[in-house]
Amino acid sequence: MSPTLILSLIAGYFVILIIIALLTSRKATSESFFVANRNAPWYMVAFAMIGTSLSGVTFISVPGMVASQSWSYMAVVAGYVVGYLVIGTVLMPMYYRLRLVSIYTYLEQRFGFWSYKTGAFFFLLSRAIGASFRLFLVAGVLQLAVFDAMGVPFSLTVTVSILLIYLYTFRGGLKTILWTDAFQTMAMLVCVGVSIYLISSELNLGFREMVATVKNSEMSRIYFSDLKDDKFFWKQFASGAFITIVMTGLDQDLMQKNLSCRNLGDAQKNMFWFTIVLVFVNIFFLTLGVLLYKFAAAKGIALPVGPTGKVIGDNVFPLLATGHFTLFAGVVFILGIIAVTYASADSALTALTTSFCVDFLLIGRFPEKRQATLRKLTHFGFSLVLIVIILIFKAINDQSVITAVFKAAGYTYGPLLGLYSFGLFLKRGVHDRLVPYVCVAAPLLTYFINVNSKAWWGYEFGFEILILNGVLTFIGLLAVSRARNFELNPA
């Protein structure tokens, strides 16, 4: 594929997004920016959430990891279902009852000022890191496919990518993003379906043969045998459930979309249908992964390997799509990776803006004109923050991006898991000023245990490091707790 063609695709794609933004951001206010005036149709929210929750990490890393992890990721997906059930039946009713704009204001009502600011801070840290990792991935693909040949530095690729996101989101916020993400979700689903079809055709596989090929492949195994193996089913299952609870239910990004529904019933319908579709979408991505490796083997294509001699999974799909597939298939890939990545990134940028404005700037105390100015400045500021984090990650990353995202989540979302669990399941109060110390100490202790666990017990932590971090936070909060009767009042 020529760089000119890819640049034309990117330009055309963003023209469509900007047109959507112009149409949906008319008469935008703070309420439409933050919660889309609380009148979004549930089916649009459900559809838009698919693209937001998947991101370019799923599009590239999940297919790429089947060579080393097989279908062990499916255990994580099964855990997602349990996590979404908890969100729909426990967390969302509370959020709607309190009519929250930022979900972290719950912590102020439950514990106090410092707990509230601590929870909001850990969200900002978590989402900034997660969004940066995801954008790093797609920027790397575009760099490989286009900009290296043109002599454009990676830093410029990243900067332009994020400023384009800023351009179509800074006015309308969530009201715009529900439309752009729905469009991008459709583009992504079409792309993955077409990719599976085209690869199967190249391998002369009909639908039944394709299913049989994937089913009988060693790469479609799920592991039940060794508890100490980080691919063990029940470890992955538990990790998936808790990852979902914290990275969706305790995350302003995805909950912001849910809070835009007209009422709790609509939000729960959204969550139900979103969960079903998400399971099937992940099956499609894992199927695609097996087919990619089958295609490379059938065509005798040498796949990229790292210093250890193992295949670099994140590079497999981009390499095959841009260098060995047909032109049409390559175009489909480029559109898919752009769609799914920007659907995640634009939502993250808006959620970061929302949380900082509501939780730290207390933007509601200002008149609308002042709110608009603060909102736009914050939005631009977080755009710069994402650029800096991506460049740092570029300098130090040496592992699969999906692994990096979930490992980072284990340390940064763990305190949120502990805070909300303590607040929901116990009726005790806490010494509020001590909460920040607990929430910093728990991840540090988690890291210490993680780096020594193999030497101590022969046990290697995987994604379940999040659970350990949450438990340690919970224990720390219990240590600084006190008896107290409380009552949450609607905001």
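Residue numbers count from 1 along this sequence. Worth knowing before you read on, the calculation uses all heavy atoms, side chains too, and leaves out hydrogens, waters and symmetry mates. In this text, all values refer to a predicted model and were calculated from it rather than measured experimentally.
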Heavy-atom nearest pair, Pro63 first then Leu288, reads CG-CD2, 4.3 Å
Check the orientation of Phe284 and Phe280. Use parallel for under 30°, tilted for 30 to 60°, and perpendicular for over 60°. tilted
How long is the span from the CG atom in Leu264 to the CZ atom in Arg97, to the nearest 0.5 Å? 11.0 Å
So the salt bridge (charged side-chain N to carboxylate O under 4.0 Å, His left out) pairs with at least one residue in residues 269-293 (sequence neighbours excluded) are Asp266-Lys269
Identify the heavy atoms of Phe111 and Arg428 that sit nearest to each other, and give their distance. CE2-O, 4.2 Å
Once side-chain contact (heavy atoms from CB on, under 4.5 Å) is applied, do any residues pair with Tyr447, and if so which ones, sequence neighbours excluded? Tyr411, Val451
Could you tell me whether a side-chain N or O of Asn452 sits under 3.5 Å from a main-chain N or O of Phe448, the two making a donor and an acceptor? yes
Nearest 0.5 Å, what's the CG-CG distance between Leu164 and Leu17? 9.5 Å
Name all residues meeting the side-chain contact (heavy atoms from CB on, under 4.5 Å) criterion together with Ser217; count only those two or more places apart in sequence or in a different chain, and write none if there are none. Met219, Ser220, Val290, Lys294
Just by modelled atom types, is the Ile103 backbone N or O under 3.5 Å from a matching donor or acceptor in the Gln252 side chain? yes
Would you check, one step at a time, whether the test side chain to side chain contact (heavy atoms under 4.5 Å, CB included) holds for Phe154 with Leu391? CA-CA 8 Å; Phe154 180 78; Leu391 295 179; 3.9 Å; yes
Please report the interatomic distance OG(Ser102) to CE(Met255), rounded to the nearest 0.5 Å. 12.5 Å
Salt bridge (charged side-chain N to carboxylate O under 4.0 Å, His left out) contacts touching residues 73-83 (sequence neighbours left out): none
For Met92 versus Ala267, what's the shortest heavy-atom pair and its separation? CE-O, 3.5 Å
With heavy-atom distances below 4.5 Å as the criterion, would you say the side chains of Leu419 and Cys439 are in contact? yes
Let's go through Arg262 and Trp42 carefully: what are the C-alpha distance in whole Å and the side-chain angles of both, what is the deciding distance for side chain to side chain contact (heavy atoms under 4.5 Å, CB included) to 0.1 Å, and is it a yes or a no? CA-CA 8 Å; Arg262 295 186 177 98; Trp42 69 265; over 6 Å; no
With a 4.5 Å limit on heavy-atom distance, are the side chains of Gln268 and Cys261 in contact? no
Looking at Thr473 and Ala442, would you say the former's side chain and the latter's main chain have a donor-acceptor pair under 3.5 Å? no
Tell me the closest heavy-atom pair linking Ile165 and Leu349, and the distance in Å. CG2-CD2, 4.0 Å
Using a 6.0 Å cut-off, check whether atom CH2 of Trp179 has over 12 heavy atoms from anything other than its own residue. no
Closest heavy-atom contact between Thr244 and Gly240? OG1-O, 2.8 Å
Once you measure the plane-to-plane angle for Tyr106 and Tyr420, does it fall in the parallel (<30°), tilted (30-60°) or perpendicular (>60°) bin? parallel
Chi angles and distances behind the side chain to side chain contact (heavy atoms under 4.5 Å, CB included) call for Val45, Phe274: CA-CA 9 Å; Val45 177; Phe274 160 74; over 6 Å; no
Within-4.5 Å side-chain heavy-atom neighbours: Leu478 and Phe422: yes
Using a distance-only test with no angle check, is there a side-chain donor-acceptor pair under 3.5 angstrom linking Gln256 and Thr350? no
Exceeds 12 heavy-atom contacts within 6.0 angstrom, atom CE of Met44: yes
Does Phe333 form a ring pair (Phe, Tyr, Trp, His ring centres under 6.0 Å) with Phe325? I'd like the steps, not just the answer. CA-CA 10 Å; Phe333 167 78; Phe325 287 177; 8.2 Å; no
Any heavy-atom pair between the side chains of Val90 and Ile245 that's under 4.5 Å? no
Distance in Å, Leu320 CG paired with Ser195 OG, rounded so as to fall on 0.5 Å steps: 11.0 Å
Do Tyr84 and Leu278 touch side chain to side chain, with heavy atoms closer than 4.5 Å? yes
Partner residues of Leu124 under the side-chain contact (heavy atoms from CB on, under 4.5 Å) criterion, sequence neighbours left out: Leu352, Ser355, Phe356, Phe360, Phe382
When you look at CZ of Phe295, are more than 12 heavy atoms from neighbouring residues, nucleotides or ligands closer to it than 6.0 Å? yes
Close side-chain approach of Leu466 to Ser239, heavy-atom, < 4.5 Å: no
4.5 Å side-chain heavy-atom contact, Trp457 and Ile449: yes
Any pair with a residue in residues 187-206 that passes salt bridge (charged side-chain N to carboxylate O under 4.0 Å, His left out), sequence neighbours left out, goes on the list, sorted by first then second residue, please. Glu202-Lys299
Do Tyr116 and Asp359 meet the criterion of a side-chain donor-acceptor pair at a distance under 3.5 Å? yes
Which atom of Asp251 lies closest to which atom of Tyr104, heavy atoms considered: CA-OH, 3.5 Å
Donor-acceptor contact present, side-chain Ser453 to main-chain Asn450, <3.5 Å: yes
Can you tell me how far CG of Leu286 sits from CE of Met74, rounded to the nearest 0.5 angstrom? 7.0 Å
Going from CD1 on Ile467 to CG on Leu417, what distance comes out if it is rounded to the nearest 0.5 angstrom? 8.0 Å
Kindly determine whether Leu250 and Leu91 satisfy side chain to side chain contact (heavy atoms under 4.5 Å, CB included), including the steps that lead there. CA-CA 8 Å; Leu250 305 183; Leu91 293 175; 3.8 Å; yes
Quick one: are Ile283 and Trp71 in side-chain contact, heavy atoms under 4.5 Å? yes
